[in-house]
Undergrad: 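Have a look at the structure that comes next, please.
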Amino acid sequence: LPNFEDGFDLVICWGVLHHTHNPLEGFKLVASALREGGVLFIQVYNDRAKAGFHYTQSFRSQFHDLKSREEKLKFLRQTHVAAGTDVFDHLDGMLTFYNWVVHEETVRNWFLSNGFTDYWKVWNYKYLGRK
């Protein structure tokens, strides 16, 4: 972006990295957009997120085997409560091609090995780091 060669003070990457082909490369890219002293705030599924639960993977497999839109909608309505979410969020979890789960220690290492001086786990699978 023009006039932002020095980087941004704050970059927020919410719910994106775990849907990329390579979450670490995605992290490095968004981290490179920060200026020295800037803050990166990310949300990425960890092994405690629903995306990592065995039943979620099973639901995704079943969902993708269905052929018609009507079958898929019926499936979502029948399974969203068991997935612990509403129908819309359940659909979001079923549609993504990549739905990685990243262990908390791995996220911590991403920050510390990419020039961040501070790192905080804010809550569940939300993390902050300062360059």
Undergrad: Verify the cluster assignment for L91 and V81: are they in a single hydrophobic cluster under the rule of side-chain heavy atoms below 4.5 Å apart?
TA: no
Undergrad: Run the side chain to side chain contact (heavy atoms under 4.5 Å, CB included) test on L40 and F27 for me, step by step, so that the C-alpha distance in whole Å, both residues' side-chain angles and the decisive distance to 0.1 Å come before the verdict.
TA: CA-CA 10 Å; L40 175 60; F27 177 87; 3.5 Å; yes
Undergrad: Just say parallel, tilted or perpendicular for the rings of Y119 and F111, cut-offs at 30° and 60°.
TA: tilted
Undergrad: Over 60° means perpendicular and under 30° means parallel, so classify the ring planes of F59 and H90, tilted if in between.
TA: perpendicular
Undergrad: Can you list the steps and then say if V39 with L128 is a side chain to side chain contact (heavy atoms under 4.5 Å, CB included)?
TA: CA-CA 7 Å; V39 173; L128 275 171; 3.5 Å; yes
Undergrad: Hey, does the side chain of N114 reach the backbone of W110 with a donor-acceptor pair shorter than 3.5 angstrom?
TA: yes
Undergrad: To the nearest 0.5 angstrom, please state how far the CG atom of D9 sits from the CD atom of E36.
TA: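 Atom-to-atom, D9:CG and E36:CD are 12.0 Å apart.
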Undergrad: Please report the closest heavy-atom contact between G129 and F116, naming both atoms and the distance.
TA: C-CD2, 3.5 Å
Undergrad: Quick one, K74 with E71, criterion salt bridge (charged side-chain N to carboxylate O under 4.0 Å, His left out). Give me CA distance, side-chain angles, the key distance, then yes/no.
TA: CA-CA 5 Å; K74 181 179 178 184; E71 289 176 307; over 6 Å; no
Undergrad: Minimum heavy-atom separation for V87 to R77, with atom names?
TA: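 Smallest interatomic distance, heavy atoms only, reads CG2-CA, 4.4 Å.
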Undergrad: Between K28 and E25, is there a salt bridge with N-O shorter than 4.0 Å?
TA: yes
Undergrad: Working to the nearest 0.5 Å, report the span between CG of D86 and CG of D89.
TA: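 Those atoms lie 4.5 Å apart.
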Undergrad: Over all heavy atoms of both residues, which pair between L95 and H64 is shortest? Give the atoms and the distance, please.
TA: O-CE1, 4.4 Å
Undergrad: Just verifying a value: how many Å separate K126 NZ and I12 CD1, rounded to the nearest 0.5 Å?
TA: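 Atom-to-atom, K126:NZ and I12:CD1 are 13.0 Å apart.
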Undergrad: Quick one: does any side-chain atom of S113 pair with a main-chain N or O of N109 as donor and acceptor, under 3.5 Å?
TA: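 Judged by distance alone, yes, a pair lies under 3.5 Å.
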Undergrad: What heavy-atom pair brings L34 and K131 nearest, and what distance separates the two atoms?
TA: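 In this case the closest contact between L34 and K131 is CB-CD, 4.0 Å.
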Undergrad: Please find the pair of heavy atoms, one from P23 and one from W100, that lie closest to each other, and give the distance.
TA: CG-CD1, 3.4 Å
Undergrad: Against L17, only a single residue in L24, L29, I42, V107 fulfils side chain to side chain contact (heavy atoms under 4.5 Å, CB included); can you say which?
TA: I42
Undergrad: Run the ring-ring contact (aromatic ring centres under 6.0 Å, His included) check on H103 and Y45 step by step: do they pass?
TA: CA-CA 8 Å; H103 192 276; Y45 294 152; over 10 Å; no
Undergrad: Flag yes if V30 and Y127 sit in one hydrophobic cluster, no otherwise; membership is Ile, Leu, Val, Met, Phe, Trp, Tyr, and two members link when side-chain heavy atoms are under 4.5 Å apart.
TA: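 Yes, it is one cluster - the side chains of V30 and Y127 are joined through contacts under 4.5 Å.
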Undergrad: Can the ring centroids of F75 and H80 be said to lie less than 6.0 angstrom from one another?
TA: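 That pair fails the under 6.0 Å test.
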Undergrad: Please work out whether the ring planes of W14 and F41 are parallel, tilted or perpendicular, with thresholds of 30° and 60°.
TA: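 Perpendicular, since the angle between the ring planes exceeds 60°.
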Undergrad: Enter the distance from W123:CH2 to Q43:CD here, rounded to the nearest 0.5 Å.
TA: 9.5 Å
Undergrad: Tell me whether V11 is reachable from L112 by hopping between hydrophobic residues (I, L, V, M, F, W, Y) whose side-chain heavy atoms are closer than 4.5 Å.
TA: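 As far as the 4.5 Å side-chain criterion goes, V11 and L112 are connected within one cluster.
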Undergrad: Under the 3.5 angstrom rule, does the side chain of H18 hit a backbone N or O of V101 as a donor-acceptor pair?
TA: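 Flag not set: sc H18 to bb V101 has no pair under 3.5 Å.
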Undergrad: I'd like to know if V44 and W120 are part of one continuous hydrophobic network [Ile/Leu/Val/Met/Phe/Trp/Tyr, side-chain heavy atoms within less than 4.5 Å].
TA: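 No, it is not one cluster - the side chains of W120 and V44 are not joined through contacts under 4.5 Å.
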Undergrad: Under the criterion side chain to side chain contact (heavy atoms under 4.5 Å, CB included), I'd like the reasoning laid out for R35 against F8: C-alpha separation, chi angles, the key distance, then a yes or no.
TA: CA-CA 5 Å; R35 68 165 179 77; F8 295 93; over 6 Å; no
Undergrad: Search all heavy atoms of E104 against all heavy atoms of N124 and return the closest pair with its distance.
TA: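 Between these two residues, the closest heavy atoms are OE2-O, 4.1 Å.
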